[in-house]
Visitor: 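What follows is a structure written as structure tokens; I'll ask about it next.
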2 protein chains.
Amino acid sequence: MTGTPHIAQRPRRADGQRNYDAILAAARKAFEADGSEASLENIAAQAGVAIGTLYRHFPSRASLVEAATRDGLADLVTHAERLASSPDPLRALSEWMEQAVRHFSTFRGLVGILAQSMYDEGTPSHAMCSAMHHGGADLLRAAQAAGLVRADLTPDELFDLLSGAAWVREQSLPSSSGRDGSPRFLRLVLEGITTRDREP
Amino acid sequence: MTGTPHIAQRPRRADGQRNYDAILAAARKAFEADGSEASLENIAAQAGVAIGTLYRHFPSRASLVEAATRDGLADLVTHAERLASSPDPLRALSEWMEQAVRHFSTFRGLVGILAQSMYDEGTPSHAMCSAMHHGGADLLRAAQAAGLVRADLTPDELFDLLSGAAWVREQSLPSSSGRDGSPRFLRLVLEGITTRDREP
DNA sequence: ACCTGAACACCGTTCAAGT
DNA sequence: ACCTGAACACCGTTCAAGT
């Protein structure tokens, strides 16, 4: 399952750039309304281009999802770097995890794509996932070094917990047919992984 | 999103029963290979019937999934009833949760269907989900009464944790492209929800 | 370099005709 | 009561022709 991941190239002509932007805007709208399996033909139509133009800029659905989520996930990486020097490593980790869960559940289907991309190099989102993995691992290590989070938790496990929390949140998107999309799940996880320093 | 859920009726004629069984067997195979979105036309072909016959017995994909998973989930409910009188309520809850996660992740896409069905009465799997909810809630209550699990955890939250664990496990199905589908997630959750009785 | 849209493939779903 | 398969709709994906 390897291969060169296709990261969408910036167009070199003005009309190409216009179409590229229009497709991306339409895609974000469609993904938030219908999830990651939204109709590509509909996205092209909303953007006012033919279907072939969409495929020219984004040769696969995964590459379109990658382009549509790149900025948000890049923010996450930046945020991790800024938090890495925090004097309160547990609070830093918690804050970052909350933000991560929010981004992972931007629309239905995203967290599944990210979870696959995390360990599959032949995937457009792999680079961004890898960067997030490193950022999260640093915050985890700091919290563990301070004795605030259980030492046996690995970065991979941290991301399983994050992904699980994001998936649960995703279930109540977008017009939340059921209940609230409260961050209670994440809070339970957080309290679960902190070191135990109370009495019975 | 309400309405009468269609639970597949048992056929009244011998040829109908034969086809019903063949479709169900083909569906289970296809779901395990391709997930809950497996091609219905292919299932019909594997069962040796025309597509119209599949629709006659199972008017929606959800009703086919329900029929394919009913027995396994019924076992889960039975198991919960048997465990309810266990002298070790925490062990009972843990065992049942492990079994639940295994069943929820029988094939890709199942846990999403179950999570939707849990709170949507107009769904074929709702009845079975509701029964599981009650069974799990009883085990939770017993463990809480014994002071072994944090008292503020609700049954809904228990099922969010179970679903999240099942979804993470599902990600490494069926030919596990990536890593192991270890039950480490669930163990972290379990240790997270038990009451804290160690020292720092 | 970029765009268009016809063409093909595949699948879900319904329904008239048949036994 | 049950089965068949044609018919329709919709969508993903490719590619020859054009600017």
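All values derive from a computational prediction rather than experimental measurement.
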Visitor: Check the side chains of H133(A) and D156(A) for a donor-acceptor pair under 3.5 angstrom, ignoring hydrogens and angles.
Guide: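 Result is yes, a qualifying pair exists.
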
Visitor: Charged N to carboxylate O below 4.0 Å: is that the case for E95(B) and R91(B)?
Guide: yes

Visitor: Taking the six-membered ring for Trp, are Y20(B) and H57(B) parallel (under 30°), tilted (30 to 60°) or perpendicular (over 60°)?
Guide: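 Ring orientation of Y20(B) relative to H57(B): perpendicular.
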
Visitor: Starting at CZ of R56(B) and ending at C1' of dC3(D), how long is that distance when rounded to a whole Å?
Guide: 8 Å

Visitor: DNA chain C: stems of at least 3 consecutive Watson-Crick or G-U pairs, cut-off 3.5 Å?
Guide: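 Listed by first number, the stems are C:4-8 with D:12-16, C:12-16 with D:4-8.
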
Visitor: Of S117(A), S130(A), S63(A), which is the lone residue that meets side-chain contact (heavy atoms from CB on, under 4.5 Å) with S125(A)?
Guide: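 Testing each of S117(A), S130(A), S63(A) against S125(A), the sole residue satisfying side-chain contact (heavy atoms from CB on, under 4.5 Å) is S117(A).
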
Visitor: Nearest-Å distance, CZ (R13(A)) to P (dT19(D))?
Guide: 14 Å

Visitor: Is R169(B) salt-bridged to D160(A), cutoff N-O under 4.0 Å?
Guide: no

Visitor: Using atom CZ of R10(A) as one end and atom P of dC2(C) as the other, report the distance to the nearest whole Å.
Guide: 12 Å

Visitor: For the pair R18(B) and D15(B), find out whether any cationic side-chain nitrogen is under 4.0 Å from an anionic carboxylate oxygen.
Guide: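 Answer for the salt bridge query: no.
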
Visitor: OP1 or OP2 of dC3(C) sitting under 4.0 Å from any side-chain N/O of H57(A)?
Guide: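 Yes, because at least one side-chain N or O of H57(A) sits under 4.0 Å from OP1 or OP2 of dC3(C).
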
Visitor: Hey, is the main chain of V111(B) close enough, under 3.5 Å, to the side chain of Q116(B) for a donor-acceptor pair?
Guide: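 Answer holds: no.
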
Visitor: To the nearest Å, how far apart are N19(A) CG and dA1(C) C1'?
Guide: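 In whole Å, dA1(C) C1' and N19(A) CG are 12 Å from each other.
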
Visitor: Whole angstroms only, please: what is the CG-C1' distance between D15(B) and dA1(D)?
Guide: 8 Å

Visitor: Whole Å only: how far is the CG atom of L54(B) from the C1' atom of dC2(D)?
Guide: 14 Å

Visitor: Would you call E66(A) and R70(A) a salt bridge, using N to O less than 4.0 angstrom?
Guide: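 Counted as a salt bridge, because a side-chain N and a carboxylate O are separated by less than 4.0 Å.
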
Visitor: Report which part of the nucleic acid R12(A) touches: base, sugar-phosphate, or nothing (heavy-atom distance under 4.0 Å, all strands).
Guide: sugar-phosphate

Visitor: For the residue pair L162(A) and M97(A), establish whether any side-chain heavy-atom pair is separated by less than 4.5 Å.
Guide: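 Yes; the side chains approach each other to less than 4.5 Å.
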
Visitor: Using the 3.5 Å cut-off, write out each protein N or O paired with an N or O of nucleotides 10-14 of chain D and the distance between them.
Guide:
{"from": "dG12(D)", "atom 1": "OP1", "to": "L40(A)", "atom 2": "N", "distance (Å)": "3.1"}
{"from": "dG12(D)", "atom 1": "OP1", "to": "R61(A)", "atom 2": "NH2", "distance (Å)": "2.8"}
{"from": "dG12(D)", "atom 1": "OP2", "to": "L40(A)", "atom 2": "N", "distance (Å)": "3.0"}
{"from": "dG12(D)", "atom 1": "OP2", "to": "E41(A)", "atom 2": "N", "distance (Å)": "3.2"}
{"from": "dG12(D)", "atom 1": "N7", "to": "E41(A)", "atom 2": "OE2", "distance (Å)": "3.3"}
{"from": "dT13(D)", "atom 1": "OP2", "to": "Y55(A)", "atom 2": "OH", "distance (Å)": "2.7"}
{"from": "dT13(D)", "atom 1": "O5'", "to": "Y55(A)", "atom 2": "OH", "distance (Å)": "3.3"}

